[in-house]
Amino acid sequence: MSALPIILGMAAVTYATRIAGLWLRASVPPFWKRFLRFVPIAVFAALVVPALPGARGEAGVRILAAALAAGVSWRFRKLWLGIAVGMAAYWGLR
Amino acid sequence: MSPPLLRDFVRGFRAVIPLWLGLVPFSLAYAVTARSAGLGVLDTQLMSALVFAGGAQFSAAGLFAAGASGVEIVLTTLLLNVRHVLYGLSLSQRLPLAPAEKLVAAHFLTDEAYGVALADPRPSFGYLLGAELSVFVPWNLFTLAGSLMGQGLPDPARLGVDFVFPLAFLVLLVPMLRGAVEAGVAVLSGSLAFGLSQVLPGGVALLIAGVVGSLVGALCTTDRPKDQNPAEPEAT
């Protein structure tokens, strides 16, 4: 059995989800404007929390390193600096 | 590309480079998983180039290995990727794009590119495309490398590089938490995603937590002037 038709099907549904939101640029009522403004906050938090503890029993160290990175981010607002500080702390303490 | 477009493209591309530390080992791990599930080098690569969605690619490799039907694999992919609708809607509020730009930008839209583009004070099509291709290029190059090298590559979780992703999104999130409602939404969505991810696939947990958190945020800010944008970063 060839996997190609399945991969093309996966590609089609994935592209559909990606273009749908970008394409619908009708005028959005105020409630949904506010909804969309909270999307990054809700989504970023939902990307962070489940992945934070990790699967190797290092939750304490990872949370400590993340707290340091959060502090650096609050002060300096630089993505690369936050990642560098967080990874250095994690690798130094694990 | 005209000079401003090129300049923005380079800026977006460079902003994502710190994430390569996590992307490279994960694309290698995906390639090894897909090859051991019985997919050929070409199919493994086509999935990275045409589908280009890490979570869905990993789960498809697992489903291929388990002998799942094509319909099951395609529907799982759809379910895991519905969250992109939210990203598209959110981006189109911040960043007006021409129809042709939408068609191109859509193919390369990922969690990482959305995060980096939305957190920029002056996003543009060039910046978005740069951030997007800065995920696409290493993802595809290291899919190929992983396909050819095969078994014996180190596990990303053992190296600890899986930590790059929560760290990156945390660093993007923190400057947005400028009020009680923002912080409350983050705590709610984070806890909800954590709980749901114990029983549901990650992409689905993310979608539900994202929608519920945003609804609560919108409900708690009915009295706010509509031009105030919690996601708008202060000048950097």
Side-chain angles (χ1 to χ4, degrees), chain A residues 3-11 13-25 28 30-52 54-56 58 62 65-66 69-70 72-74 77-80 82-84 86-87 90-91 94, chain B residues 15 18 39 43 46-47 50-51 53 60 70 73-74 77-78 81-82 84-90 92-93 102 106-107 109 111 118 157 160 163-176 182 185-186 189-190 193-194 197 206 209-210 213-215 217-218 221 226 229-231 236:
Chain A
L4 187 60
I6 302 176
I7 292 172
L8 293 178
M10 292 173 67
V13 296
T14 303
Y15 187 80
T17 65
R18 285 175 165 148
I19 193 68
L22 280 176
W23 204 260
L24 291 169
R25 197 180 149 66
V28 180
F31 177 85
W32 294 105
K33 275 215 160 100
R34 292 200 310 278
F35 172 90
L36 290 173
R37 284 166 186 168
F38 278 98
V39 165
I41 293 175
V43 165
F44 293 175
L47 283 161
V48 172
V49 179
L52 204 50
R56 299 177 59 84
E58 300 172 322
R62 287 168 68 123
V72 167
S73 166
W74 182 261
R77 285 150 203 249
K78 291 266 181 276
L79 179 61
W80 67 267
I83 292 176
M87 289 308 292
Y90 172 45
W91 277 330
R94 75 192 299 220
Chain B
L39 290 173
D43 286 339
L46 281 175
M47 223 199 286
L50 300 179
V51 182
I73 295 174
V74 171
T77 302
L78 176 61
N81 286 331
V82 176
H84 291 122
V85 178
L86 276 185
Y87 299 167
L89 287 169
S90 166
S92 68
Q93 296 293 307
K102 290 179 184 178
H107 180 64
L109 186 61
D111 299 342
L118 197 95
F163 191 48
V164 168
F165 298 110
L167 213 46
F169 288 108
L170 180 67
V171 170
L172 294 172
L173 170 67
V174 164
M176 296 179 181
E182 285 79 4
V185 165
S189 293
F194 184 80
S197 66
L206 180 58
S214 307
L215 275 177
T221 49
K226 68 176 183 203
N229 186 347
T236 40

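Proteins come first, then strands; the chains are lettered A, B, ... in the order of their sequence lines, and each starts at number 1.
- No donor-acceptor pair under 3.5 Å is formed between the side chain of A/Arg94 and the backbone N or O of A/Glu58.
- For the options B/Gly160, B/Ala53, B/Gly70, B/Ser197, heavy-atom pairs under 4.5 Å to chain A are most numerous at B/Gly160.
- Each of B/Val164, B/Val185, B/Leu109, B/Leu172 has some count of heavy-atom pairs under 4.5 Å with chain A, and the biggest count is that of B/Leu109.
- Closest of all the heavy-atom pairs between A/Ala42 and B/Ala209 is CB-O, 4.1 Å.
- Proximity to chain B is limited to the side chain of A/Arg56, based on heavy atoms less than 4.5 angstrom apart.
- Under the 6.0 Å distance and 45° angle rule, A/Arg77 counts as a cation-pi partner of A/Trp74.
- Heavy atoms of B/Phe165 lying under 4.5 Å from chain A are absent altogether.
- Counting heavy-atom pairs under 4.5 Å between each of A/Val43, A/Leu4, A/Leu47 and chain B puts A/Leu47 at the top.
- Contacts between B/Leu170 and chain A at a heavy-atom distance below 4.5 Å involve backbone atoms as well as side-chain atoms.
- Of all the listed residues (B/Leu86, B/Val174, B/Leu78), the one sharing the greatest number of non-hydrogen pairs under 4.5 Å with chain A is B/Val174.
- With hydrogens and angles ignored, the 3.5 Å screen pairs no side-chain donor or acceptor of B/Ser189 with any backbone N or O of B/Gly210.
- Ranked by heavy-atom pairs under 4.5 Å with chain B, the first of A/Val72, A/Ile83, A/Val49, A/Thr17 is A/Thr17.
- With a 4.5 Å cut-off on non-hydrogen atoms, B/Ser90 touches chain A through its backbone and its side chain both.
- Contact tally against chain A (heavy-atom pairs below 4.5 Å) for B/Leu206, B/Leu50, B/Val82: the top residue is B/Leu206.
- Listed options B/Gly190, B/Ala186, B/Pro18, B/Ala193 were ranked by heavy-atom pairs under 4.5 angstrom with chain A; first place goes to B/Gly190.
- Counting heavy-atom pairs closer than 4.5 Å to chain B, the top residue among A/Ala46, A/Ala20, A/Pro5 is A/Ala46.
- When atom types are taken as modelled, the side chain of A/Arg62 and the backbone of A/Ala51 share a donor-acceptor pair closer than 3.5 angstrom.
- Contact check for A/Arg18 versus A/Leu22: no side-chain heavy atoms found under the 4.5 Å cut-off.
- For A/Ala55, no part lies near chain B; criterion is any non-hydrogen pair under 4.5 Å.
- Taking 4.5 Å as the limit, every side-chain heavy atom of A/Tyr90 sits out of range of all side-chain heavy atoms of B/Leu167.
- Within the 4.5 Å cutoff, the side chain of B/Leu39 has heavy atoms near those of the B/Met47 side chain.
- Contact annotation: the side chain of B/Met176 never approaches that of B/Glu182 to less than 4.5 Å [non-hydrogen atoms, C-beta and beyond].
- Ranking A/Trp80, A/Phe31, A/Trp32 against chain B, the residue ahead of the rest is A/Phe31, based on heavy-atom pairs under 4.5 Å.
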